[in-house]
Amino acid sequence: MTSLPLVFDAPRRGLPPRHLADLTADERRAAVAELGEKPFRANQLSNHYFARLTADPAAMTDIPAATRDRLADSLLPPLLTVVRHVTCDDGSTRKTLWKAHDGTLLESVLMRYPDRVTLCVSSQAGCGMACPFCATGQGGLQRNLSTAEIVDQVRAAAATLRDGELGDPGRLSNIVFMGMGEPLANFGRVLAAVHRICDPAPDGFGISQRSVTVSTVGLVPGIRKLTEEGLQVRLAVSLHTPDDELRDTLVPVNTRWKVAEVLDAARGYADRTGRRVSIEYALIRDINDQPWRADLLGKLLHKHLGQFAHVNVIPLNPTPGSKWDASPKPVEREFVRRVKEQGVECTVRDTRGQEIAAACGQLAAEG
Ligand code: SF4
């Protein structure tokens, strides 16, 4: 088996203190018992956090005040504070910039569609993958986010919707790990976050695994590890071009794992889960939008993934001052037509957040 790269699960440097949402249900009970409290207090805390969506100890009035303070000190450290919200798309998209306990900045984007509400979460602050067309990639990786920092983005969004702060009161239905960072480079914490997101209340938020998408630029050992977990989450692979020569520059991690290896790993995931894999393709003018690349993409996907491939073409969201731009619409249409001609499903993303400059090439995209 391939050994894991160094980027996996870097040390806890800079991470916040332990939080309730970092822990499994058993660990929560053990942590409460260590504080000299009855284990059922863990269930009460979990019920407040995961079912009632509150992280404010003062609102947990069914727990005696002294106990509440002790539990809160140890298990509910403040994690994220809002720096600002930016809303666009007639109020149906809201990006939130968060500040963590150490001043680290991260963001999440909440998108309301007629049939679903999707939250795009960050799994790292910054990103170490250095894709040249992406603003986040230019700043490098600041640090991994803790499980609870990922989970708290979800709790806050679910509370926002319930309280009607983004239109009529609603329910968060989908989560995409397509914000800042490469989720599989923070594997253990992302996996734990998926469990918190999907476990039934009060141990988690009870969102269906099938409504969660984990994206990757193609960390093959990470895809294999995820496969072994036997979950039902959707896998999204940011391919962006079918040929290694260009991909080595567009997605630098390709110098380590080539296109064919990535697609084979994705096939392994599809075989295990029975789920289609989303192939993300940020279409960039005169870079990766040529007809021959569309043909090659269709052929490769047909060969490696067959009916398990679904290409999502994402019109590039240009970052200010960048030389990268979106392809013209006729070029985009021809690209999609050619991929489909090879028998592979291909659609163009409804890109949200264009006017609020969603930073990452993957941000505001959804499977
Ligand atoms: S596109 Fe995604 S993986 Fe690439 S640098 Fe940006 S955040 Fe990282």
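Whatever order the structure lists them in is the order used to number ligands and atoms, beginning at 1. Sequential numbering from 1 along the given sequence is applied to the chain's residues. Any value given below was found using the heavy atoms of this structure, including those in side chains, with hydrogens, waters and symmetry copies removed.
Remark: the S327 side chain and the D289 side chain contain an N/O donor-acceptor pair separated by less than 3.5 Å. Checking S46 against R28 by side-chain atom types alone, a donor-acceptor pair falls below 3.5 Å.
Figure legend: R116 and Y113 shown as a cation-pi pair, the cationic atom lying under 6.0 angstrom from the six-membered ring centre and within 45 degrees of its axis.
Interface atoms of ligand 1 facing G137, defined by a heavy-atom separation under 4.0 Å, are 5 (S), 6 (Fe). For ligand 1, the atoms closer than 4.0 angstrom to any heavy atom of C127 are 3 (S), 5 (S), 7 (S), 8 (Fe). Within ligand 1, counting atoms from 1 as listed, the ones closer than 4.0 Å to a heavy atom of V217 are 3 (S). For ligand 1, the atoms lying closer than 4.0 Å to a non-hydrogen atom of C134 are 1 (S), 5 (S), 6 (Fe), 7 (S). If you number the atoms of ligand 1 from 1 as listed, the ones under 4.0 Å from a heavy atom of A130 come out as 5 (S).
Relative orientation of the H240 and F133 rings is perpendicular, given thresholds of 30° and 60° on the angle between their planes.
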Derivation and outcome, side chain to side chain contact (heavy atoms under 4.5 Å, CB included), residues T81 and W98:
CA-CA 6 Å; T81 49; W98 301 101; 5.9 Å; no

